[in-house]
Amino acid sequence: MATGDRIFTRARLATLDPRLPGLGIVENGVVAVRDGRILFAGDAAGLPAQALAGAETVDCGGRWITPGLIDCHTHLVHAGNRAREFEMRLAGASYEEIARAGGGIVSSVTSLRAASEDDLVAESLPRLDALVAEGVTTVEVKSGYGLTVADELKMLRAARRLAGARDVGVVATWLGAHATPAEYRGRNGDFLREVVLPGLEAAHAEGLADAVDGFCEGIAFSPDEIRLVFDAAKKLGLPVKLHADQLSNLHGAALAAGYGALSADHLEYTDEAGAAAMAKAGTVAVLLPGAFYFIRETRKPPVELFRKHGVKIALATDCNPGTAPLTSLLLAMNMGATLFGLTVEECIAGVTREAARALGRLGEIGTLEAGKEADLAVWDVAEPAELVYRMGFNPLHARIRRGQGRVPSHSNGGIA
Ligand code: DI6
Ligand code: FE
């Protein structure tokens, strides 16, 4: 047995180990780390004696440890904001009026194109820091506001650089088929042929695309157009995912499942056939309650159907300037519970194990199991439900990424 570098002791674990029921709770837990990976996570009595040799012991004072949180759907890299548009909407302006006044997604595209790669990194870091401060150790970031080959690549390069600027894992997703830019209005076919498909190849060649996404919607791309993008992704060997059935039911969930998609996201209008297809394909339902809340949607995703068919459910922020200016995964969990009726277990699994599954990274992250990356969040909470229950309060005590990170030793007032 190898020697552990660090052993986190006196902890209560929510391991999310799928072999255990519920959250996979271990009351008298320890996590032993070696070379940035979990050597052992479980009951202290089962800690291999050899793991103790030469290892630093970190006393967690009885606090809870979960896997590091994973935000599996964001548009974190963007430029500018749409606060003025929000103000106009509050004053009663319609989406069309805002678009005519130069607002909407077009304004985000204009800002993005004007920004340099350095600007994008600088603008995105405060948003990333907000996520990291809540224990996020992996974040997915999409392109989709550049809508030229050069500007989409610029977004993804900025996304990659975030991983170097902070100790966080970044999964980058090509979302060229997000919106049709003004210069291609009414010519989606040309836009796909001239920008989305060649841009995808360029992103892949530069190692900038871990997955491929699209926005399948009446105001965006049709199912047939999405198929073109997915066929190209498959040829490159890239996994796919889809913004599906957010505002209407174009059967995007079933389309994504037909391609073996990692996830289908939003899903407010998904029907039972869509849920059944997702279950069969193992496609994760990524629910985005922040966008539902912000656009004051009233139709909820069919959580009961997902449960009935055994579709795995993840939760994410959808952090974007138009429909979800949200940088709190803890709040997304609370919204998942209050707005969509998810259980505490579903919410916590949704930002750990199921989020990892939605990124195709479950073999590496998302649970506290031997062999995985030692990404941990240590919480000052008395019970896991508190992570979902509070609004606007951050009980993170420490964040451990690949075994590294300081755990303050101060007392937390008696939780231990
Ligand atoms: N779903 C959305 O709600 C948006 N994009 C997407 O794929 C909104 C994009 C925006 O308005 O900036
Ligand atoms: Fe989105």
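When a ligand or atom number is given, it counts from 1 through the structure's own listing order.
Between F230 and L238, the closest side-chain pair of non-hydrogen atoms is not below 4.5 Å.
The protein heavy atom nearest to atom 1 (N) of ligand 1 is Q246 OE1, 3.2 Å. In terms of protein heavy-atom proximity, atom 5 (N) of ligand 1 is nearest to H178 NE2, 2.8 Å.
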Exercise for review: Run the numbers on Y269 and E297 for side chain to side chain donor-acceptor pair (under 3.5 Å), then give the verdict.
Suggested key: CA-CA 11 Å; Y269 287 81; E297 176 61 64; 3.1 Å; yes
Practice item. Show your reasoning for whether side chain to side chain donor-acceptor pair (under 3.5 Å) applies to H266 and D245. Key: CA-CA 7 Å; H266 287 287; D245 309 333; over 6 Å; no
Point to revise | CA sep, side-chain torsions, deciding dist, call: S222, D224, side chain to side chain donor-acceptor pair (under 3.5 Å) | key: CA-CA 5 Å; S222 71; D224 280 343; 5.5 Å; no
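Counting the atoms of ligand 1 from 1 in the order shown, those under 4.0 Å from a heavy atom of H243 are 1 (N), 6 (C), 7 (O). Near G322, with a cut-off below 4.0 Å to any heavy atom, the atoms of ligand 1 are 10 (C), 11 (O), 12 (O). Atom numbering of ligand 1 starts at 1 in the shown order; those under 4.0 Å from a heavy atom of T323 are 2 (C), 3 (O), 4 (C), 8 (C).
Among R82, E217, H75, the residue whose heavy atom lies nearest to atom 11 (O) of ligand 1 is R82. Looking at F292, F215, Y145, it is Y145 that brings a heavy atom closest to atom 9 (C) of ligand 1.
Of all non-hydrogen atoms in R402 and D375, the two that sit nearest each other are N-OD1, 2.8 Å.
A salt bridge links R166 with D129: the closest approach of a Lys/Arg side-chain nitrogen to an acidic carboxylate oxygen falls below 4.0 angstrom.
Screening K142, E140, H73 for a side-chain hydrogen bond (donor to acceptor under 3.5 Å, both in side chains) involving T173 leaves a single residue, E140. Residue P321 forms a side chain to side chain contact (heavy atoms under 4.5 Å, CB included) with just one option from S107, S108, S111, and that option is S108. Among L147, D151, V106, the single residue meeting the side chain to side chain contact (heavy atoms under 4.5 Å, CB included) criterion with P181 is L147.
The Fe ion (ligand 2) has H73 NE2, H75 NE2, H243 NE2, D318 OD1 as its protein N, O or S neighbours under 2.8 Å.
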